[in-house]
Amino acid sequence: MEYLCLVYFAEKKLADQSDQEKTTLGRESKAYDEQLAASGHLVMAHALESPSNAITVRVRNSKVSTTDGPFAETKEILGGFILIKAGDLNEAIRIGAGIPLAKLGSVEVRPIHNW
Amino acid sequence: MQEVTSNIYRMESRRILATLIRLLGNFELAEEALHDAFVAAAEQWPRDGVPVYPRAWLISTGRFKAIDKLRRRARFDASLTQLALQIELDGAEKPSDREEIKDDRLRLIFTCCHPLLTPDMQLALTLREVCGLKTEEIARAFLTSAPTVAQRIVRAKAKIREACVPYEIPALCDLRDRLEIVLHVIYLIFNEGYSFTSDSVSERQNLCDEAIRLGCLLIELVPDPEAAGLLALMLLQGSRRDANRSPDKQIILLHDQDRSRWHMEDIVEGTKLVNKVMAGNAVGFYTLQAAIAAVHAQARSTTETNWNRIVALYDLLLLADPSPVIELNRAVAIAMRDGPNAGLSLIDALLNRGELHNYHLAHATRADLLRRLDKPAEAQQAYQQALHLTVAGPDQRFIQGKLAELKVLF
């Protein structure tokens with residue numbers, strides 16, 4: 001089964017990290033992705049750019065409107081995602097808990113719906 | 001080759017996991033190691049051939065992979081260096097012998113059924129770790145959501161870790177109490193599969209099969225009369241699996257079942273087991289229920305059933321475990337032996353005590369006796385009461401069917 005691990009964290013928390021901490025976190029994240037690839041769990045992993053570069057699109061009565069920034073104002077923003085293959089929800093939780101950025105925020109584990 | 005590996009996974013993965021938990025001292029680490037060991041097998045076996053002792057190979061590969069992984073993680077978290085070293089030294093000091101590996105499964109069962117955990121946690125953890133069911137499968141079988149089951153499992157593991165629950169078979173002085181919990185968990189798993197709350201036949205059968213597998217494992221590892229009694233009970237009840245439901249998922253009562261569809265091999269094995277325990281000097285809750293099931297299993301019809309023996313066994317069961325539900329079942333046996341009136345007065349007295357007032361089967365049983373006494377109006381009323389107490393599903397359809405039959409008779 002496939003699960004999407006959505007990684008949320010407060011931007012400020014990341015910004016407040018020292019350069020060394022940021023480098024370590026980056027290396028740790030890369031190492032974790034490599035480890036998941038080696039164990040056959042990884043489907044794809046991406047970090048997202050800051051919401052300040054995002055556009056939210058709405059369609060109402062066939063009219064398109066766009067606004068800057070993310071869909072909702074929240075403290076924790078979606079910072080990246082990892083799509084994994086796992087045996088069951090508890091294995092997915094274990095993998096999600098190992099994501100290094102989880103230390104700064106939270107990871108939402110969502111089963112992929114099979115049509 | 002892929003088939004060989006997946007066969008070995010099916011046969012051995014739970015044993016290997018149980019040993020890895022002992023060697024690594026941690027559920028999560030052991031699950032990862034198990035996974036990594038099978039990934040390594042899928043890579044190496046096609047090239048180098050299947051090792052002579054695949055289980056030993058997988059255990060030692062899993063252990064080395066875990067140590068290796070901890071070392072790599074230690075670059076970011078220095079505390080892991082010590083853990084990796086500890087695991088390496090422990091394993092080198094005392095290589096596991098066969099006996100110890102066999103006991104690992106028992107250690108795992110006792111850990112999953114630790115009294116510190118709530119019954120919900122014990123059930124979910126046992127089914128996932130000992131039986132290897134997926135979280136989603138457990139949720140479907142218990143009609144719960146997967147996140148609920150997943151959290152029970154996560155919390156149970158956290159509790160085990162925080163309380164430093166030792167990974168061991170309880171000492172002889174605690175064994176009896178601890179075994180009782182294990183038997184109860186297996187009994188609950190079986191009952192959930194055997195009861196009619198869920199319509200999904202495969203999920204239910206899955207639970208029954210797992211419970212029987214656990215029961216077999218347990219008597220292989222601990223010689224205990226009640227463990228044998230429980231296994232006998234499950235085999236005997238399970239023998240009716242193809243007869244107690246119609247193809248359109250309606251309940252078929254014992255009286256109306258096609259007894260040629262009962263599984264003889266289970267009846268023979270269950271009866272043999274229960275006779276052996278009944279010949280001994282300690283007879284308990286599960287054994288007595290098994291003995292009752294054995295009387296039914298030997299009869300060619302309900303009229304040829306030895307109801308006298310069944311009533312006597314219910315009397316003993318009430319001594320072992322006094323409960324109104326057992327009294328209700330005894331009343332049914334009395335009705336079969338002495339006629340519906342005798343059963344009805346017992347059930348009326350039981351209902352008057354108030355304990356079974358919200359139990360739909362008490363009203364349904366009462367309705368059935370009234371029907372047999374040619375009192376259709378009162379029977380109808382009792383079925384209506386039973387109907388109010390059920391939720392949509394096989395039980396409700398069964399009572400609706402009975403009500404419809406009564407209307408035809410009117």
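All heavy atoms count here, side chains included; hydrogens, waters and symmetry mates do not.
Both the backbone and the side chain of Glu32(B) come within contact range of chain A, with heavy atoms under 4.5 Å apart. Proximity to chain A (any heavy atom under 4.5 Å) is shown, for Val154(B), by both the backbone and the side chain. Only the side chain of Lys69(B) comes within contact range of chain A, judged by heavy atoms closer than 4.5 Å.
Heavy-atom pairs under 4.5 Å with chain A peak, among Arg73(B), Lys65(B), Arg128(B), Glu43(B), at Arg128(B).
Asn26(B) places a side-chain N or O within 3.5 Å of a backbone atom of Glu28(B) that can act as its donor or acceptor partner. Proximity of a side-chain donor or acceptor of Arg63(B) to a complementary backbone N or O of Glu88(B) within less than 3.5 Å is detected. With Tyr167(B) contributing its side chain and Leu23(B) its backbone, the two residues share no donor-acceptor pair below 3.5 Å. Remark: the backbone N or O of Leu6(A) is not paired with any side-chain donor or acceptor of Arg110(A) at under 3.5 angstrom.
If you run side chain to side chain contact (heavy atoms under 4.5 Å, CB included) between Pro54(B) and each of Val4(B), Thr5(B), Ile8(B), only Ile8(B) comes through. Screening Arg22(B), Arg55(B), Arg14(B) for a salt bridge (Lys or Arg N to Asp or Glu O under 4.0 Å) with Asp104(B), the sole residue that qualifies is Arg22(B).
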- [ ] Using the salt bridge (charged side-chain N to carboxylate O under 4.0 Å, His left out) rule, take Glu21(A) and Lys103(A) through it: C-alpha gap first, then chi angles, then the decisive distance, then the call.
- [x] CA-CA 12 Å; Glu21(A) 282 170 326; Lys103(A) 282 178 280 191; over 6 Å; no
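Interface with chain B: from residues 78-98 of chain A, residues Gly87(A), Asp88(A), Leu89(A), Asn90(A), Glu91(A), Ile93(A), Arg94(A) qualify, criterion being any non-hydrogen pair under 4.5 Å. Contact residues of residues 34-44 of chain A toward chain B are Gln35(A), Ala38(A), Ser39(A), His41(A) (heavy-atom distance under 4.5 Å).
When the shell of 6.0 Å around CG of Asp16(A) is examined, it contains more than 12 heavy atoms from other residues, nucleotides or ligands.
Inter-residue side-chain proximity for Leu14(A) and Glu11(A) is flagged as unmet; no heavy-atom pair is nearer than 4.5 Å. In this structure, Ile212(B) and Cys216(B) have side chains that are in contact, with non-hydrogen atoms separated by less than 4.5 Å. Contact annotation: the side chain of Asp68(B) never approaches that of Asp36(B) to less than 4.5 Å [non-hydrogen atoms, C-beta and beyond].
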